[in-house]
Amino acid sequence: MKIQLLTFSLLSPIVYNWACGAALADNNKNEVVEPQLPNVIIIYADDLGYGDLQCYGAKNVETPNVNRLADEGLRFTNVHAVAATSTPSRYSLLTGEYAWRKKGTDVAAGNAGMIIRPEQYTMADMFKHSGYVTGAVGKWHLGLGDKTGEQDWNAPLSASLDDLGFDYHYIMAATADRVPCVFIENGQVAGYDPTAPIEVSYKQNFPGEPTGKDNPELLYNLKPSHGHDMSIVNGISRIGYMKGGGKALWKDENIADSITLHAIDFISQHQNEPFFLYFATNDVHVPRFPHERFRGKSSMGLRGDAILQFDWSVGQIMKALDRLGLSGNTLVILSSDNGPVVDDGYDDQAEELLNGHRPSGPLRGYKYSAFEGGTTVPAIVRWPKMIQKGNVSDVLMSQIDWMASLGELIHARLPKGSAPDSWNRLSNLLGMDNTDRPWVIEFAANHVLSIRTKDWKYIEPNDGPRMITWGPKIETGNDSIPQLYEMKKVSEQENVAAQYPEKLFEMQTLLRRAKLG
Ligand code: NG6
Ligand code: CA
């Protein structure tokens, strides 16, 4: 039986009809058919910019699989990650709470304790309690264990993703540029090597262990450009110190293969029941060291090659869904945790080889920034059974709403107080309603908040430097005076605060009220 709801323009009829679909009478056989809830996969890229995919105008790199996903689904042009860095964006996506409300949600070290606490209600809890099997594969970056620095990596961790509603998890604790460089499967180091016990410190090195700073001769070609000069693993120096790991240490060139295979295994194993998969890729974060199948294959060096590898991972997931006959009833959401960065700490020639490619597309600013390039990200949603294919939407949307929206989709009952900042905007997500979110809040790396509507953007005043001082050459968005931009001109060039004092006041009031919750 076909459910055709695409003509509805408001959320309530969609929900009504979808809910009614919970028990459809099949007239021919005169029996009740329970339609299966859709599977949900979030493919969450790392540092993939608004302009980095071909279907968003990327130059010098081909992304046929993502293009196909967009052709078969709905491509958004005004979607915002909550923050301009990873940890706070992921925190917000998975809890429905703005990271700027909560201390300790800045970019996490690899030995951070669990930032989302077990008592918090997460997106995974929501799916699990609605009858889904839940999985997380790839980059985590939200802490593990009870307390920072107190994990014993040689035993099952004291707190892990099963405390947050994930049935299965195969993850990297933080990022590829942070120790420990091992995968953690269901709360224990995967392929643990008892001959090489693991020790981790973010304070001091372990006696006799080489570092990028003291032993540059041991480094592979990929030298640090800023930071990243501590422990050396696979010839690449990282942030933080570690010892041991032996056979369990990951090989950077195999990370994409490894997490993609684990994601596909999870899908295959749960093909006969509704599943939720959070698939967070390592691409295109530093250190960029893709498999040799991709190295040298784009004209933009390792950063371009990492985009090719990301596209490959997406293609593998799509192929697996096709093979298993699951594509029609699987809602795939593809997006990124923050804007792009070119040189993020390793000399990989990303800057020199751009050759006209603009990672943020037409937007000002990059990762870390209060300007739009910091949080505006690609977003594609495909669900052949319910979403008309091939459309593009400029609706203003924030990832903060995905928890409540997906909750609506699966008829979840969220406990009081959970996902406090997440609004049900399911109709936006499914392309059935083009009403913009009234406003979206953006959280820059330096904690400056901006609020934007479809037409205006206000950036809070801040005395900090205009350019990042600790590494990448990126505009922070800081100014000591209030900034107001007309967003019809996407480039945020002219501060019109003085011309439109009333609008400025209105936006400031909007932000003040939003902060109150
Ligand atoms: C920065 C790192 C950068 C990256 C970032 C987090 C330095 C000099 N730079 O501190 O390389 O790891 O943190 O990126 O250490 S994120 O996408 O995970 O937020
Ligand atoms: Ca990131």
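Residue numbers count from 1 along this sequence. We count ligands from 1, going down the list as the structure has it; atoms in each ligand are counted the same way.
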Exercise. Tell me, with the steps shown, if Phe371 and Tyr366 meet side chain to side chain contact (heavy atoms under 4.5 Å, CB included).
Key: CA-CA 7 Å; Phe371 290 126; Tyr366 285 84; over 6 Å; no
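- Looking at atom 15 (O) of ligand 1, its nearest protein heavy atom turns out to be Ile239 CD1, 3.3 Å.
- With the Ca ion (ligand 2) as the vertex, atom OD1 of Asp47 and atom OD1 of Asp337 span an angle of 100° (nearest 10 degrees).
- Of all the atoms in ligand 1, the ones that sit under 4.0 Å from a non-hydrogen atom of Thr175 are 18 (O).
- A pairwise comparison of heavy atoms in Ile400 and Asp421 identifies CG1-O, 3.6 Å as the closest pair.
- For atom 2 (C) of ligand 1, the choice among His226, Arg178, Lys139 with the nearest heavy atom turns out to be Arg178.
- A salt bridge links Arg288 to Asp348: at least one charged side-chain nitrogen sits closer than 4.0 Å to a carboxylate oxygen.
- Ion pairing between Glu460 and Lys515 holds under the 4.0 Å rule for side-chain N and carboxylate O.
- With respect to the salt-bridge test (charged N to carboxylate O, under 4.0 angstrom), the residues Asp252 and Arg238 qualify.
- Contact annotation: for Asp344 versus ligand 1, heavy atoms closer than 4.0 Å belong to both the backbone and the side chain.
- Within the 3.0 Å limit, Ser89 places no N, O or S atom next to the Ca ion (ligand 2).
- Ion pair Lys128/Asp162 not flagged as a salt bridge, since none of the NZ, NE, NH1 or NH2 atoms sits closer than 4.0 Å to an Asp/Glu carboxylate oxygen.
- Using 4.0 Å as the threshold, Gly345 has no heavy atom nearer than that to any atom of ligand 1.
- Among the heteroatoms counted here (N, O or S) of Asp46, OD1 is the one nearest to the Ca ion (ligand 2).
- At a 4.0 Å heavy-atom cut-off, ligand 1 does not touch Arg90 at all.
- Nearest non-hydrogen protein atom to atom 14 (O) of ligand 1 is Lys367 NZ, 2.8 Å.
- Between the side chain of Asp305 and the backbone N or O of Phe289 there is no donor-acceptor pair closer than 3.5 Å.
- Close N/O approach between His228 and ligand 1 is found [any backbone or side-chain N/O within under 3.5 Å].
- Using a cut-off of 4.0 Å between Lys/Arg side-chain N and Asp/Glu carboxylate O, Arg437 and Asp401 are scored as salt-bridged.
- Annotation: Thr87 places no N or O atom under 3.5 Å from an N or O atom of ligand 1; distance criterion only.
- Distances between N or O atoms of Asp177 and those of ligand 1 include at least one value under 3.5 Å.
- Of the heavy atoms in Tyr368, only side-chain atoms (C-beta onward) come closer than 4.0 Å to ligand 1.
- Using a 4.0 Å cut-off between charged nitrogen and carboxylate oxygen, Glu97 and Lys102 do not count as a salt-bridge pair.
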